[in-house]
Structure formats: C-alpha cells, structure tokens
Enquirer: 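Would you mind keeping the following structure in view while I ask a few things?
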Amino acid sequence: MNTLKLFAVTVLTVVLSAFTATTDEGGYKIGDVATDFSLENIDGSMVSLSDYKDAKGFIVIFTCNTCPYAVAYEDRVEALNKKYADKGYPVIAIMPNNTDVKPGDNMEAMKARAKAKGFTFPYLMDEGQKIYPQYGATKTPHVYVLEKTKKGNIVKYIGAIDDNYKDASEVKTKYVENAVDALLKGKDVEVKVTRAIGCTIKV
Amino acid sequence: MKRILVLCLLVICSCKNSNEKNNEASAPDAALSVDEEAQNISDFDLKIYDYDGLEPLINRQDDKIHVVNFWATWCAPCVKELPYFEAINEEYKDKNVEVLLVSLDFPKNYETKLKPFIKKRGLQSEVVAFDDVDQNRWIPAINKDWSGAIPATIIYNKDKRQFYERSFTKEELETELKQFLN
C-alpha cells in the first residue's frame, strides 16, 4: 500500500513539475498576441509599436553588440529593414542584455555601433529586462515576425534570420524574408519556427 | 610524486583562471594574446565534425557516463564553467565518467582563437569542433526543447539522458552527475 502511495506521489510530482516547467518557459507561441512596449531608442526617443500607424507588421529582433552571431547578422538585419520597412514591415531591434554584465552592450556602445554600421532601424534598450521574457527570447539574435491585426500584433514567425550564420552568400533559405513575403501576399507562413545557436541573454 | 605534480597543475590552473576572469566579462574574445602561441599550434590536431559526424559521439552505447558540453571561446558563461567540466573529467574518471567539449567556435577562429585557447588552458577533456550551418536541423535533433542558446549540456548513459540549457556551478554539475552514478 505504502509503495502504491509513494508511486502515486511520485507520479503526481513528476506530472506537476512537468507543468511547472512548461509554464516557467513562457514566451510566445505562433498565434499569440505580442505585447507592445515603450523603450528608449539610441536617439533618445521612446519607441512603441503603436507609433507605426502605417505598418502592416514588424520584424522584432532581439540582438546586441557583443554576441558574435548577432554581429555576423548585423548587415543582414540592416538589409531586412531596407527591404521591408517601406513595404510595411520595419525592423525593430531590442537589446535585451543586462549592461552591468555586458558593458559592451550599454546605450553608449549601442549608439556607437549603430552609427558605425549605419543602422536605419530603431535599436532599443530593454530597460529593466522586462520585454524579452514576455516574448520568450532566450538568445541573440532571436527574431519575432508580427502581423498587425485588429486583435493586436500576432506572432507569425519565431526563430532565425536564415539558415547560414557564417556566410550570407551561402544562405539557402531566408526564413524571415519568406515569412514576411508570405504575409505581404496574405498567405500563411510556411516555416513558422526555426532554431539557431545564439548567445544567452545576460541577466 | 604524482600528487605533487597534480598539486602543481592545480596551482597553475587556478592562477590562470583568476587572471582570465578579469577579461572575461567585458571582452571574452580578447582574453588571449594569440601571437605568442601561434608558432606551436600547427602540430595540434583538432577534429572537426558536421552533425552526421557528431551524432555517434553524443549517442554512445557503452558503459560510461558521458558529459557533453556545447561551448565556444566567445561565450563568457561557457568559459566560466569550463573548469568545472575539466574537474569532473578528472575527479570522476575512475567512476566511468567522460567529458566531451563540443566547440561551436566559427571555423575562421579555429587557428586564431580555439586552438590557442585549448592549449593555454591545457584542456584535458576531449575537445572537438562542430561546424554545421544547418542549425535548424541539428538543434532540435540534439534536444527538442533546446532554443539554441549556449552553454548547453547533455549527460547520458545508455539508459538515461538529460539535457540542460543553462550554466552550472561545480556543485550543480556534480548534483546532476550524481543522478547517473550508482
């Protein structure tokens, strides 16, 4: 009898902890409504998604100065903004790291990097690190493509920019471009979630 | 005699650690001066695998307990926990534990950063380089819950497998490892 009880308790604990684990993970899934925010940009202004009255959606990218993967993608992020901002899908870059841990990602460093690289997209500081956990970003770079609807900004794609961090010229599948192209045509996004190695967000 | 040697090694290692810690937080990439090491590393054989090559190494069917750590020289939390994996490899050798360090450094940095790092730290665990751009294929294949952030670690034997997308202290790593020791 005792063994049975013990067994039941064990099973219950395992089941419960499994649930806790999933809730803890949090973050958005495809189809969720993404939160808006008001975060400071490198030019000192505050930026929210709701500022973009004419946007059809957004390419939200959690990125930073110091991660080699993020650096490898800088030019491609800029190219995405050039290609899609006018079509209604601007890039919104958010820097999620704790700058006490990573001083190379502080506002001054962000400004310097944006200037050196000629970023044309907003590069926002996740002050207090409150936004990235809601999205469920775990690393840099980590992309969320949102579609603006009456219900809010719906998450349509989560993951990597493309399938080759090393060499832009060797890319076979441009995940983000494919997703945005599909949305612009009113179609369903084919590949909705992808994974890529990145640097852990520093807390 | 052996003991003295080990003691010396330990002292050397701990000195190194404290030196490098200062650099680590701000600029992990700059933690090494490359030139001084550059002459001697050509003889150093670094095995490079794509996923098909790596797969058997992380799914061994022997009687050992395998600890596989995914890391890179540019990843500060990875570099910080490396000594714990090294310690586990040494201290649990006779308990059938084997550590494999899988580096995700970029290939262009193998000669300039990874090899000098391995040499300078005197890494004793087996280190392999993993180069496969099709991350969307192999990340979920290694573990379905892995978002792709490193450090990440697998502990497994032929009956049981655990995956961790997190960093460890030495105590935490030992606690996890002990689940596999009978």
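Naming convention: chains lettered A, B, ... in sequence-line order (proteins, then strands); numbering from 1 in each chain.
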Enquirer: By disulfide (SG to SG under 2.5 Å), which residues pair with Cys64(A), not counting sequence neighbours?
Expert: none
Enquirer: Select one option (side chain, backbone, both, neither) describing which atoms of Ala196(A) are under 4.5 Å from chain B's heavy atoms.
Expert: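 Answer is both: backbone and side chain atoms of Ala196(A) are under 4.5 Å from chain B.
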Enquirer: Do Val67(B) and Val99(B) have side chains that approach each other closer than 4.5 Å (heavy atoms only, starting at C-beta)?
Expert: yes
Enquirer: Side chain, backbone, both or neither: which part of Trp138(B) has a non-hydrogen atom closer than 4.5 Å to chain A?
Expert: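 Side chain only.
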Enquirer: Heavy-atom distance under 4.5 Å to chain B: side chain of Tyr175(A), backbone, both or neither?
Expert: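 It is the side chain, since no backbone atom gets that close.
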Enquirer: So which of Leu104(B), Val133(B), Asp134(B), Asn136(B) has the biggest tally of heavy-atom pairs under 4.5 Å with chain A?
Expert: Asn136(B)
Enquirer: Could you check if a side-chain atom of Tyr89(A) sits within less than 4.5 angstrom of a side-chain atom of Lys83(A), using non-hydrogen atoms only?
Expert: no
Enquirer: Do Leu82(B) and Leu101(B) come within less than 4.5 Å of each other through their side chains, counting heavy atoms only?
Expert: yes
Enquirer: Which residue out of Lys202(A), Arg195(A), His142(A) racks up the most heavy-atom pairs below 4.5 Å with chain B?
Expert: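 Top option by heavy-atom pairs under 4.5 Å: Arg195(A).
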Enquirer: Please name the residue in the list Phe85(B), Phe117(B), Phe168(B) that meets the ring-ring contact (aromatic ring centres under 6.0 Å, His included) test with Trp71(B).
Expert: Phe117(B)
